[in-house]
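In this chain, residues are counted from 1 in sequence order. Hydrogens, waters and symmetry mates play no part in the numbers below; they use all other heavy atoms, side chains included.
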Amino acid sequence: MKVNTQSVNFNADKKLVDFIQKRMNKLDMFYDKVIKSDVFLKVENTSDKENKVFEARVSVPGDSFVVKKQCKTFEEGTDMAVSSLERQLKKRKEKLRAHL
């Protein structure tokens, strides 16, 4: 799956981009019709420790899923967002199976 990663107001290092790609690729196991996914990484200018925002948009035929997580690290946000997307994709797949 093609993952477009964009970092806002900072440069994401190669290790982080590879980590996100690897995690997002696991979504193919749950739903094989994923067209593409866009990931946005933002650092908010607050004194709060949880200032990293991970936002992902996954496009599937006829729909798209958006997940936004705010955490201390982008890796933690990635894990939380991917598990949330897994649940949404499983739910969609079961709905489609019920209509067949």
Problem set entry | Shared hydrophobic cluster for Leu96 and Val34 (ILVMFWY, side-chain gaps under 4.5 Å) | yes
Exercise. How many angstroms lie between NZ in Lys2 and OG in Ser37, if you round to the nearest 0.5 Å?
Worked result: 9.0 Å
For this session: Tell me, please, which residues at least two apart from Asp38 pass salt bridge (charged side-chain N to carboxylate O under 4.0 Å, His left out).
Result: Lys36, Arg57
Exercise. With sequence neighbours excluded, what pairs up with Lys52 under the salt bridge (charged side-chain N to carboxylate O under 4.0 Å, His left out) test?
Worked result: none
For this session: Please collect all side-chain hydrogen bond (donor to acceptor under 3.5 Å, both in side chains) contacts where either partner lies in residues 69-79, sequence neighbours excluded, each pair once.
Result: Arg23-Asp79, Glu44-Gln70
For this session: Give a yes or no on whether Val82 and Met1 share a hydrophobic cluster (residues Ile, Leu, Val, Met, Phe, Trp, Tyr; joining criterion: side-chain heavy atoms under 4.5 Å apart).
Result: yes
Exercise. Is Asp18 paired with Lys14 through a side-chain N to carboxylate O contact shorter than 4.0 Å?
Worked result: yes
Exercise. Got a second to check how far Asn51's CG is from Asn45's CG, nearest 0.5 Å?
Worked result: 8.0 Å
Problem set entry | Qualifying salt bridge (Lys or Arg N to Asp or Glu O under 4.0 Å) pairs with a residue from residues 82-100, counting only residues at least two apart or across chains | Asp63-Arg92
Problem set entry | Spacing of Asn4 atom CG and Ile20 atom CD1 [to the nearest 0.5 Å] | 12.0 Å
Exercise. Remaining members of Met80's ILVMFWY cluster at a side-chain heavy-atom cut-off under 4.5 Å?
Worked result: none
For this session: Look at the side-chain heavy atoms of Ile, Leu, Val, Met, Phe, Trp and Tyr, link any pair under 4.5 Å apart, and say whether Leu16 and Val3 land in one connected group.
Result: yes
Exercise. Can you check side chain to side chain contact (heavy atoms under 4.5 Å, CB included) on Val39 and Gln6, steps first, answer last?
Worked result: CA-CA 6 Å; Val39 173; Gln6 295 180 358; over 6 Å; no
Problem set entry | Nonpolar side-chain network containing Met29, other nodes, edges under 4.5 Å | Phe30
For this session: Run the ring-centre check on Phe65 versus Tyr31 and record whether the distance is less than 6.0 Å.
Result: no
Exercise. Taking atom CD of Glu55 and atom CG of Leu41, what is their separation to the nearest 0.5 Å?
Worked result: 10.0 Å
Exercise. Do the side chains of Lys33 and Pro61 get nearer than 4.5 Å, heavy atoms only?
Worked result: yes
Exercise. So which heavy atom on Phe54 is nearest to which on Phe74, and how close?
Worked result: CD1-O, 4.4 Å
Exercise. Applying the side-chain contact (heavy atoms from CB on, under 4.5 Å) test to Leu27, which of Val60, Asp32, Leu85 qualifies?
Worked result: Leu85
